[in-house]
Engineer: 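Attaching a single structure in structure tokens format; questions to follow.
Chain A is the first sequence line, chain B the second, and so forth, proteins listed ahead of strands; every chain is numbered from 1.
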Amino acid sequence: MAKLQSVRGTHDLIGDDARAHLAIVGAARDVAERYGFSPMDTPIFEFTEVFKRTLGVTSDIVTKEMYTFDDKGGDSLTLRPEGTAGIARAFISGGLQNELPLKCFYHGPMFRHERPQKGRQRQFHQFGVELIGVSEPSADVEVIAMAADILDALGILSETKLELNTLGDAQSKEQYRAALVDYFSAVSDQLSEESKDRLVRNPLRILDSKDAGDRALVADAPIFADYMTDDAAAFFAAVQDGLDTVGVAYTRNPHIVRGLDYYSHTAFEFTTEALGAQGTVLAGGRYDGLIETMGGPRTPGVGWGAGIERLAMMTKAPSAPARAITLVGLGDAGEREALRLSRELRHAGLTIELIYKGGIKRGLKRADRINAAAAVLIGDDELAKGAVTVRNLDSGEQADVAISDLKDHLSAYS
RNA sequence: GUGGCUGUAGCUCAGUUGGUUAGAGCGCCUGGUUGUGGUCUAGGAGGUCGCGGGUUCGAGACCCGUCAGCCACCCCA
């Protein structure tokens, strides 16, 4: 590191970029609260075991993408790569089992050691929701409908497509997996190198391969529907019926495979063509086995996570903040009065920008640059009369205003 | 982890087959205007040419390495 620079794949959020993130979180939160979800904030690092156990030891995230380190006490800790595991851990260790259903939302930074590209950073931000303790398909429907409402609130729902799939229950999943291994093993010499690897680690992934040769093989592969239990099929039918009922459009995509091992039944992604290769903007599913896997009581759950950076790339520029009024103090007495007035006027609800140094010219120039609505000139001439000069920066008109009337006069600008 | 493209001023970029003191626009600062912004105008500041090594009489340019950015693969939000 020859030069002071940010760590690869990390990014500073400045001004409008930071504003865009806040706007997305704010909009998502408003919708989530209307659905009866409450905020929840868990630590950004956990014992490594929390993620190893839940995400599946074969997943790429665990095997090569986690920021793991030993702390001074010798414990292995990991910066969270996603949000659900921490929530599940808090659910178990925090005694929340008696408050079912638990409906919560969260947002914050996540960390994954991947090669950066468009829509992908090593530190990125997610907004997510979890609904824990409800095994009915209406929970899946509600959580998906909320996602659609949030995208709509952000004005980008029409640019996305909801893709829906089911992974079935544990039994369906296991039988199908075995069938796939049988099928692909017989033709493994025709598979791409990557898919040969997938065959061992995660055969479902082969279904999602972009390799042309793989795709030809996938076309004749066993289909999941033939291996689904009646219960799993009924559940999926109920979810689809529910989405139809609430009016959320979707397309079936049998090749959607969630990357994290804890998913079962419903899996879904909101995708877009607008962001290049990383088109998934919000994704989630049902994870009925997760909490039990972690050592808690058997408790169902469903939720999703959304990439705030990806959403930000799709939303328009955030609405500009309120136009300010600048206070330009001239001379010692004027500067002191400007300082005093700045606080008084802010208390009155006005957006005040104080000019810290320089004369009137510099003050007005700065006022212009920040797109202020008006400038208040406070100098010896004015103070002698107990007044100030208010200049409308759009029209150029000026008015003498008594200091006692200033608050009322300026309120016309906001 | 693999591959392709790219690193020159605060920003966007130009820089000829390697040649003397590295440029432009925007932005910034100062003056024209001793208390009046935007427009105009005159001037000014600002550069380890990402970093390290090599080739050469001579490197911003060519070669190697490295770091970073972008894009794609992988994977994922």
Engineer: Mind listing the N/O atom pairs, protein and nucleotides 27-32 of chain B, below 3.5 Å?
Structural biologist:
residue, atom, partner, partner atom, Å
B:C28, OP1, A:Arg369, NE, 3.1

Engineer: Classify the nucleic acid contact of A:Asn371 as base, sugar-phosphate or nothing, counting any heavy atom under 4.0 Å across all strands shown.
Structural biologist: nothing
Engineer: What's the CG-P distance between A:Asp208 and B:A77, to the nearest Å?
Structural biologist: 12 Å
Engineer: Between the protein and nucleotides 70-73 of chain B, list the N/O to N/O atom pairs that are separated by less than 3.5 angstrom.
Structural biologist:
residue, atom, partner, partner atom, Å
B:C71, OP2, A:Lys118, N, 2.4
B:A72, OP1, A:Ala277, N, 2.9
B:A72, OP2, A:Gln117, NE2, 3.0
B:C73, OP1, A:Lys210, NZ, 2.7
B:C73, N4, A:Arg120, NH2, 3.3

Engineer: Please measure how far the P atom in B:G60 lies from the corresponding atom in B:C71, and state the result in whole Å.
Structural biologist: 30 Å
Engineer: Whole Å only: how far is the CG atom of A:Leu330 from the P atom of B:U34?
Structural biologist: 14 Å
Engineer: Tell me, please, which residues at least two apart from A:Asp394 pass side-chain hydrogen bond (donor to acceptor under 3.5 Å, both in side chains).
Structural biologist: A:Arg323
Engineer: Looking at residues at least two apart in the chain, or sitting in another chain, which of them share a ring pair (Phe, Tyr, Trp, His ring centres under 6.0 Å) with A:His107?
Structural biologist: none
Engineer: Relative to the 5' end of RNA chain B, which residue comes earlier, A:Ile360 or A:Leu282, by the nucleotide with the nearest heavy atom?
Structural biologist: A:Ile360
Engineer: Taking atom C1' in both B:G47 and B:U12, compute the distance separating them and give it to the nearest angstrom.
Structural biologist: 16 Å
Engineer: Is any N or O donor-acceptor pair between the side chain of A:Glu382 and the base of B:G35 shorter than 3.5 Å?
Structural biologist: yes
Engineer: Could you tell me how far B:C11 sits from B:U16 if I compare only their C1' atoms? Round to whole Å.
Structural biologist: 26 Å
Engineer: How would you label the contact of A:Leu311 with the nucleic acid (heavy atoms, under 4.0 Å): base, sugar-phosphate, or nothing?
Structural biologist: nothing
Engineer: For the C1' atoms, the ones on B:U20 and on B:G4, what distance do you get once it is rounded to whole angstrom?
Structural biologist: 37 Å
Engineer: Kindly write out the residues that satisfy salt bridge (Lys or Arg N to Asp or Glu O under 4.0 Å) with A:Arg29, not counting sequence neighbours, or none if the list is empty.
Structural biologist: A:Glu33
Engineer: Taking N and O atoms by type only, does the side chain of A:Asp368 place a donor or acceptor under 3.5 Å from a partner on the base of B:G38?
Structural biologist: no
Engineer: Expressed in whole Å, how much space separates the C1' atoms belonging to B:G23 and B:G46?
Structural biologist: 14 Å
Engineer: Using the P atom on both, measure B:A14 against B:U8 and round to a whole Å.
Structural biologist: 10 Å
Engineer: Going by ring pair (Phe, Tyr, Trp, His ring centres under 6.0 Å), name the residues that satisfy it together with A:His255, two or more places apart in sequence or in a different chain.
Structural biologist: none
Engineer: Please list all pairs meeting ring-ring contact (aromatic ring centres under 6.0 Å, His included) that have one or both residues in residues 338-362 of chain A, counting only residues at least two apart or in different chains.
Structural biologist: none
Engineer: Check every strand shown and say whether A:Glu193 touches a base, only sugar-phosphate, or nothing at a heavy-atom separation below 4.0 Å.
Structural biologist: nothing
Engineer: Regarding A:Leu393, tell me which of base, sugar-phosphate or nothing describes its non-hydrogen contacts under 4.0 Å with the strands shown.
Structural biologist: base
Engineer: With sequence neighbours left out, write down each residue that passes salt bridge (Lys or Arg N to Asp or Glu O under 4.0 Å) with A:Glu136, or none if nothing qualifies.
Structural biologist: none
Engineer: Which residue pairs pass the ring-ring contact (aromatic ring centres under 6.0 Å, His included) test with at least one member in residues 186-224 of chain A, sequence neighbours excluded?
Structural biologist: A:Tyr176-A:Phe224
Engineer: When rounded to the nearest Å, what value does the distance between C1' atoms of B:U66 and B:A24 take?
Structural biologist: 32 Å
Engineer: Both A:Ile308 and A:Ala372 contact RNA chain B. Which one's nearest nucleotide lies toward the 5' end?
Structural biologist: A:Ala372
Engineer: Have a look at A:Gln398 and say if it touches a base, only the backbone sugar-phosphate, or nothing, with a 4.0 Å heavy-atom cut-off.
Structural biologist: base
Engineer: Could you go through the salt bridge (Lys or Arg N to Asp or Glu O under 4.0 Å) check for A:Arg366 and A:Glu353 one step at a time?
Structural biologist: CA-CA 10 Å; A:Arg366 168 143 182 89; A:Glu353 193 61 47; 3.3 Å; yes
Engineer: Where the side chain of A:Asp400 meets the backbone of A:Thr389, is there a donor-acceptor pair that is under 3.5 Å apart?
Structural biologist: no
Engineer: Between A:Asp214 and A:Ser195, is any side-chain donor less than 3.5 angstrom from a side-chain acceptor?
Structural biologist: yes
Engineer: Residues in salt bridge (Lys or Arg N to Asp or Glu O under 4.0 Å) with A:Asp208, at least two apart?
Structural biologist: A:Arg205
Engineer: Looking only at atom P, what distance separates B:A72 and B:G15, rounded to whole Å?
Structural biologist: 27 Å
Engineer: Using Watson-Crick and G-U wobble pairs with both distances under 3.5 Å, what is the 5'-to-3' dot-bracket string of RNA chain B, with [ ] for crossing pairs and | for pairs outside the strand?
Structural biologist: (((((((..((((.....[...)))).(((((.......))))).....(((((..]....))))))))))))....
Engineer: Using the ring pair (Phe, Tyr, Trp, His ring centres under 6.0 Å) criterion, which residues pair with A:Phe47? Sequence neighbours excluded.
Structural biologist: none
Engineer: For A:Gly9, report the nucleic acid contact type (base, sugar-phosphate, nothing); a contact means any heavy atom under 4.0 Å.
Structural biologist: sugar-phosphate
Engineer: Answer yes if the side chains of A:Tyr183 and A:Asp220 hold a donor-acceptor pair under 3.5 Å, and no otherwise.
Structural biologist: no
